[in-house]
Structure formats: structure tokens, C-alpha cells
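Each chain gets a letter, A, B and so on, in the order the sequences are listed, and its residues count up from 1. Heavy-atom basis, side chains included; hydrogens, waters and symmetry copies ignored.
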There are 2 protein chains.
Amino acid sequence: MTTLPVAGGAQSLLSAARLAATDPAERARAAVDRSGFDPGEVPDGVVYAETVDDVVQALQLATRHGVHIVPRGAGTGLAGGSSATRGTVVLDVSRMNRILSIDPEEQLAVVEPGVLNAEVNAAAAEFGLFYAPDPASTAICSIGGNVATNAGGMWCAKYGVTREAVLSLQVVLADGRILKTGRSTIKGVSGYDLNSLMIGSEGTLGIVVQATLRLRPKPLHTATTAAYFADAASAARAASAIIAARIQPAILEFIDGGTLAAVDAMMGTEHSSRGGAFLLAQTDGHGALLEQQVLVEAITPFALSIEQTDDAGRAAELVAARRNAIPALQELGRVSIGDIGVPRRKLAEAIDGLADISQRTGVRIFVVAHAADGNLHPMVVVGHDESITEGPAKEALGEMFHLAQRLGGTLTGEHGIGVLKQDWLEEEVGSLSLELQHKIKAVFDPLGILNPGKGI
Amino acid sequence: MTTLPVAGGAQSLLSAARLAATDPAERARAAVDRSGFDPGEVPDGVVYAETVDDVVQALQLATRHGVHIVPRGAGTGLAGGSSATRGTVVLDVSRMNRILSIDPEEQLAVVEPGVLNAEVNAAAAEFGLFYAPDPASTAICSIGGNVATNAGGMWCAKYGVTREAVLSLQVVLADGRILKTGRSTIKGVSGYDLNSLMIGSEGTLGIVVQATLRLRPKPLHTATTAAYFADAASAARAASAIIAARIQPAILEFIDGGTLAAVDAMMGTEHSSRGGAFLLAQTDGHGALLEQQVLVEAITPFALSIEQTDDAGRAAELVAARRNAIPALQELGRVSIGDIGVPRRKLAEAIDGLADISQRTGVRIFVVAHAADGNLHPMVVVGHDESITEGPAKEALGEMFHLAQRLGGTLTGEHGIGVLKQDWLEEEVGSLSLELQHKIKAVFDPLGILNPGKGI
């Protein structure tokens, strides 16, 4: 690793940048995210940005020297969006990690991109507020990456995803110019919605250097319900019954039996002894308990047992089962994390279809899901030394996509396309849409400097 | 009016279109919307679309003959966005007015652009569902126009605006190609968000021919509170107290004393005898009554009197006061409807500032506001034969914009730029943003055919 080449343009950029590293360890660290995807090579170097000016300078240099830039925050992406290859320079903004202000009255936070999701929530909690998009990785993922992937999470069932929670952005464009998108007010329709365009663009249109986040009042009451079922089909029917009962749970999470067992093994819990599938539901607000009663009535016909609690400690334990699903499965092998979305009532069909795919391809597939959104995370688990980008794992990922399409759904609910899902993007959005998207990319980044080969 | 000229290209289009009109009455009708803005001339003709194919054909002809097209739905726009001038042809989609399907289980409606907002809600109500964006003009405005302006309304305080309620669109581009944006699932991040880009683009990027709308369960309980105050400042303080109490009202509407008097005069009600300013609040959901109690406690220190009701008929009467504000003011003269957004806690400052502007410019300004969003509608009322696009009315509109900017706000919360607010757009969004927006316009409509001179 000590004789890694560095391209001439990259060398010029790295020499001129205020903070840069070219040592093999840093380059290896910056080559991968948490998707399990290994590009098999490393970037030419890493530039660390501590200020907006650092980002501006790096992109001006990149434009001048024609260097491809891979933006990187906490590196927790699940689709390879921040993986980096030879000839690129990684621009790491994780040190831009200050919460610049919190306005409790207006319920806004202004933050830098490297701030962790959980840090925003901790700071907001001091004012009785919270930030709704809460990926399972909240403790380790950063806001810049949340914006890049339009991240979701458990609370999104009721409170919406990142796009509904980011009012305004400061973005450095590929040529170093600073663009402000959105506004600090709740509503606004002055000009095209460049804010939404930027959110979910996976670092291909600009690099977020500041975000104005919408906080919400923390509900004064939360009621938690955990239900165990004989099998996934019963749990899925129960989830549909909740939607049909016109309840809006703040959280509605599904975990299958295999995942429960993995979580039990890692956490020392005993969920899997209580059933072959699990639903976790939270209702909140002034009517939390009343809504919980309706919810419990709706699912009782399908459940083996139901636990209700309004104890915050016990609720946190139950939520932890879901949050730890991915780490628990990673104990079993290399995990390729699917992210399909389907119409909500097709949850049971989707789970059946995934079982078929597992059988046909011979790979193990575990399933957790944000049931109220119809967003499933089928996890393909292979041996620690097996590939997830070719062979049966790749085949399973392709079949999952076609399953989602057949059910009227989508390739990715909240993780993004990255590099892992590009094969199916055009089939989903159509060639006209993709043509327009590439033209928009050219408007923002005519030289194609930003995050090459990712997203669209 | 019988000797109106028709340009050659427009003549070719109008002759070839399946359904077209060139008679003076139709052209005069299609020249204006409900903004009060009169362009002083009329379009060359009107093409009526009854099917997607009609729209495709019209735009193919427009591209071939280089004709400017002004899309038109119900014509209820408040910023001149569907006003039309000589040399343009109006493409009227109001006859594309079918609700194509309602899926009560998935809580979706698929509709054509000419369907009225209230018709969607009537159809959804049969399944216990509702469509949240509810402009005051719900009875007369159509979904296509709602999409074009990212329309808001009263319920948006809790349930979000059009952008949060439209999952997917079918759009005919300027060259006649059909683009699908978004998807039918709640979540999705496959590619750039062309759906949000289209929403609020005021007919300049494409013509919406189909929309998939997200419906929501109608709350089982709604509690309505009407409060009267000595003056606007007290009412604004009460509104801030509601936000600070961490309540999320579904509706929180402010009406000033002058508007109340106008409403009373038109409706025969007696609101203005009870106070000089009015707040209407609704809480809903399983905790509606509990939340109402907290709300009433929060505003009691500021109010002269408070009325609470859970009677649907009485609630509808109170809501009608707000819905009739614009028609009531139109009885007094020609109305220019402002639409500024400010940070929510600056409502009182904004109202003070508007009083100053009224004094300085000598025009009457009435104020209603979606208080929970910080979205004010200051209404400049001049004589029926006076202009709203020049003189004191124009001056007042400009000063309103600068007031909003000073308070950290925006030119338009939910009505759009149209033609009336273009003078201030660049000042708000900046020259870089506007440059990018014009380049995006060129991606979608390289010949500049769609709604020329509107929006950006």
C-alpha cells in the first residue's frame, strides 16, 4: 500500500489544500462506506474541510485541475454512495460538526453537515423539541449524508422524511460558488424547488455545508406497543389492519423471526421465544393512549401476545431491538441491505416474494420494515468473504427490485442508488426522466466533478 | 373586439387542434385569473384539452409552430400566473376533470388536473379520508393549479402543503413527450426529485395531466376554538403562545378587525362586535379535546372571549368566516392579495409593519394569516377602477416584500410569483439561484414555449 499512485491533478489539489492526507490508512478508510461494497481500490487522497472556505477552496482546485471529488460525511451510507476509487479525492466534511444555533421558539436548528443526527436530537431535547428523520444509524450518521440520501427512519411514518424536515441549505457547487436553497419559513414558493432537488441527490449536484432543520415539539405522551405473531404473514396483516383503522402511528416497525433471533443473540434478549415475527408500534401526542387502544383492538385478532407500556425505559429497550437489527445481522456475515418500497397493503406479498427469492438464489434474506411506509429492508447475508456485488447476492438484489416493480413499488425508499442499485434505475424512472436528470446534473456540475459514477 | 389579430403560428395551431375557440368572449375570459391583474390584451385563442392526447397534440403543434402556450385550469390563480397576452394560446385543461381512481386502503387518489380541490375531498370523504391542501378557494380551484403553485391552505399547519401531498405526476413536456415524476409509494429516493421540481413551477416546466394524491384518514375528533382579541397584537401574541405550548393545531387562522367587519357585512355575522381581531384554531385526532384545553389555557391571558365547540355545524360557520375573507374584501374594491411568509414568532411585527406600510402608501391593507405557518395574506384594497400593478398598490406590494425580507421571510408562501411578484424574486433567491433556475427551465423547455414571462 505504500506505493499507491496519485494522479497529477489530484496531487496538485492535495498539495494546495489546507488539510490533506495521502497515507494508505486514511485512503483505505475513505474508500468504503457501510454498504458492504468494496471498490477494490482506494482514492488518491483525502482533504479535510473544517470550514466552508475549505470546501470552496477544494472545489475550486478540483475544477482547475479536473479532479473528481467524492464527498464524505460520517461514511455510514448503505449504497456505496461515498465509496471512492483511484483517481478521485475524498472531501471529508465530518469535522464541520458544529450546531450553529437552535431557535426553540421558531423550532429550527442551523447545523454544519458533519453533525451527527443523534447530536441534533440531544440538543433539541433540551428545549422539548426533536428532529424527526431518525435513521437506525442515528448515533453514527451525519446530517450531510442524511440530506444526500433523503434519509428516513422510524418516526417518518408520522413526521415525514428528510425532505420534509430541511427548510434550507447552503451548498458549494462544483466550481466553488455558494448556493442557498430554500428559506427559513415553513412555507414558500418563490422559484423552483432547488432545495428538494438537492435533497437526495447523493452528493452529485453540490456539497452541503449548512442546513436549517425543522424541529418539532416532542410529544408529551408516547404509548408503546410490542406484538408477537406466529409468522410474518400474520404480522403483515396486523400492520394493514392498523392503517385501515385510520390510526397514524409515529412508529410501526416489522421484524421477521430470523432477525429477531440474531438480535437476541447479540443483545441477550428473548424476543424470538415469543413469536416468529414482531411489530413495534408507538402512538404519540395528547391522544396517545386512546390511539393505542384502537391499535391494540385492530391487531389482537392476529397476535400471539401484545405488550403495552408507557415506561420510557422499557420502550427504549423495545426500540433497541429494531435499531440493532443491522449490526446483529452483520455478526452473521456480510450484509447487503435492500431498501425497497411497496404500496403499504402489499407488505405481506413482498415478504412472501422475498422468501421465494431466497429459495431461488440460495442466499439468506432477513427482513425488517418500516411497515407504515411500505419500506422494507431485506438483508441478504452471505459469508464474510463472499461478494455482495456479484453472484447470488447480486442476483437476489436484482430480483428484489423486480419484485418491488411488480408490486408497484420502488428500488430504494431511503438509502439512495449509490453504486449498488444503478443497474435498475432507468428501468424504474424511465429513459426520459433519466435524460432530464443528466441534463440537470450538467447544469450544476458541467465538468462532472462531483461524486462520479454515483446516483444517476 | 371582433377584429382581434391572430398570429400565423397560433392560427396554424388553433386550426389543427381538435377543440379550439378564437371568439372574443372566450379570449377575454382566458386573459385573466383571480389576481386582479389585467394584462390589457387577450390571447390569440384557446385550445381545450379533454384528454392527454389533446395536450400532447397541442404542445407538439406549439413546438412546430413556435407558439407560446399559457396553461390554464380553473383560472383562480392569485398572482397572474395564468393571465395571457397577445401572441399566446391558452391551453385550458379544465375539462380534464375526472377522478380516475380512489384507493381507500392505500389512501391514494389518481386525478386529472381539472378536478376541483373540493371534489377530491368530497370523493375521499366517502372513505373516511381527506386531501390536506385546502386553499380558501377549494370550491373553485383545480388540482393542476394547486400543483403549479404548491398551494397551501388552512390544514397545512399540521398536514403540509401540496408538495407533501402529491406522490406522483404525469406531465407533458413542451415538446409533447410525457414525463412521469415521483412514485406511488410513500417513500423513495431513486434519482433526482423531479416531482418536487415540477410542483410550484407555475406551468413553466410542463403541463400536469395526471396526479397521484396522498389522502389521509379524516380525524375522528375535531375541536374548534374561536377567540376574540382587543387588537391584532394580542391575537398575534396568543398565536405565538400556542406554538410555544408545543401544540400542533390543524388550523390556526388569524383575521384582523377590518376583514372581520367586511365578512360581517357580506355574511350577516357579528364577529366584529366581539373584538378587533380573531383567531380560529382547530385541534384534531384522538387527543383533540385534551389539546384544545392546553390551547385555551395558553391563549386565555390575551383574549377578550373564547368560544369552544365540537359541533360540526358551528365549526363550519366559524371556518366560513375565514374562507369568505377574500370575497368579502372584493366587495370593497379591487384587491391585490399579498402572500408573504415570516418566521412564526414575527407575526406581530409583520402586522405592525403592514400598518406602517398602509399609512405611508395611503392604501388600505387588511390582513388574514395562516398563523401557525407564519404565512400572511395582506390584502391591498383600492377602488374598483384603480390599478393594482402600478401606483400606491404596487408600492405597497414592494414594501411588503421588503418587510418580509427584513423579518427573514419570503415573498410568497403559497400563491406563486406569477407576473405580480417578479420584480423581487432575484433579490430573494439570489442571482446564482436564478441563473440555475433559468438553466433548468432550458432543460425542460428549450424553446421557451411554456407560460412565458411567468414565475422565474
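Of the inter-residue distances, the one linking A:Ser184 atom OG with A:Arg214 atom CZ reads 13.0 Å to the nearest 0.5 angstrom.
One N or O on the side chain of A:Lys421 and one on the backbone of A:Gly416 form a donor-acceptor pair closer than 3.5 Å. Distance alone, capped at 3.5 Å, is enough to place a donor-acceptor pair between the A:Glu202 side chain and the A:Gly418 backbone. In this structure, the side chain of B:Lys454 engages the main chain of B:Gly81 through a donor-acceptor pair within 3.5 Å. Of the possible polar contacts, none joining the A:Asn150 side chain to the A:Val161 backbone as a donor-acceptor pair under 3.5 Å is found.
For a residue to count as touching a neighbouring chain, one of its non-hydrogen atoms must lie under 4.5 Å from one of that chain's; by this rule B:Asp373 touches chain A with backbone and side chain alike. For chain A, the nearby parts of B:Leu436 are the backbone and the side chain; heavy atoms of each come within less than 4.5 Å. For A:Glu414, the parts lying under 4.5 angstrom from a heavy atom of chain B are both the backbone and the side chain. Neither the backbone nor the side chain of B:Thr181 comes within contact range of chain A; no heavy atom of the residue lies under 4.5 Å from a heavy atom of that chain. Only the side chain of B:Glu164 comes within contact range of chain A, judged by heavy atoms closer than 4.5 Å. Contact annotation for B:Leu179: both backbone and side-chain heavy atoms come within less than 4.5 Å of a heavy atom of chain A. If you measure heavy-atom distances from B:Asp103 to chain A, the contacts under 4.5 Å come from the side chain alone. Interface residue B:Arg183: only side-chain heavy atoms are found under 4.5 Å from chain A. Looking at B:Ile178, the atoms closer than 4.5 Å to chain A (heavy atoms on both sides) all sit in the backbone: N, CA, C or O. Within the 4.5 angstrom heavy-atom criterion, atoms from both the backbone and the side chain of B:Ile243 approach chain A. For a residue to count as touching a neighbouring chain, one of its non-hydrogen atoms must lie under 4.5 Å from one of that chain's; by this rule A:Leu290 touches chain B with backbone and side chain alike. Of the atoms belonging to B:Glu106, heavy atoms from both backbone and side chain fall under 4.5 Å from chain A.
Comparing B:Lys441, B:Arg345, B:Lys439 by how many heavy-atom pairs each has under 4.5 Å with chain A, the most go to B:Arg345. With respect to chain B, the highest number of heavy-atom pairs below 4.5 Å among A:Ala288, A:Pro343, A:Ser201, A:Gly160 belongs to A:Pro343. Looking only at heavy-atom pairs under 4.5 Å with chain B, the residue among A:Val429, A:Leu194, A:Thr149 that has the most is A:Leu194. Most heavy-atom pairs under 4.5 Å with chain A, from the set B:Gln107, B:Lys180, B:Met198: that is B:Gln107. If you tally non-hydrogen atom pairs under 4.5 Å between each of B:Ser433, B:Gly455, B:Ala244 and chain A, the highest count goes to B:Ser433.
Applying the ring pair (Phe, Tyr, Trp, His ring centres under 6.0 Å) rule to A:His377 yields the partners A:His370, A:His415; only residues at least two apart in sequence or on another chain are considered.
Looking at A:Asn451 and A:Thr204, their side chains never bring a donor and an acceptor atom within 3.5 Å of each other. In this model, no donor atom of one side chain and acceptor atom of the other lie less than 3.5 Å apart for A:Gln248 and B:Arg216.
For the side chain to side chain donor-acceptor pair (under 3.5 Å) test with A:Asn375, the passing option among A:Asp339, A:Thr410, A:Thr412 is A:Asp339; the others fail.
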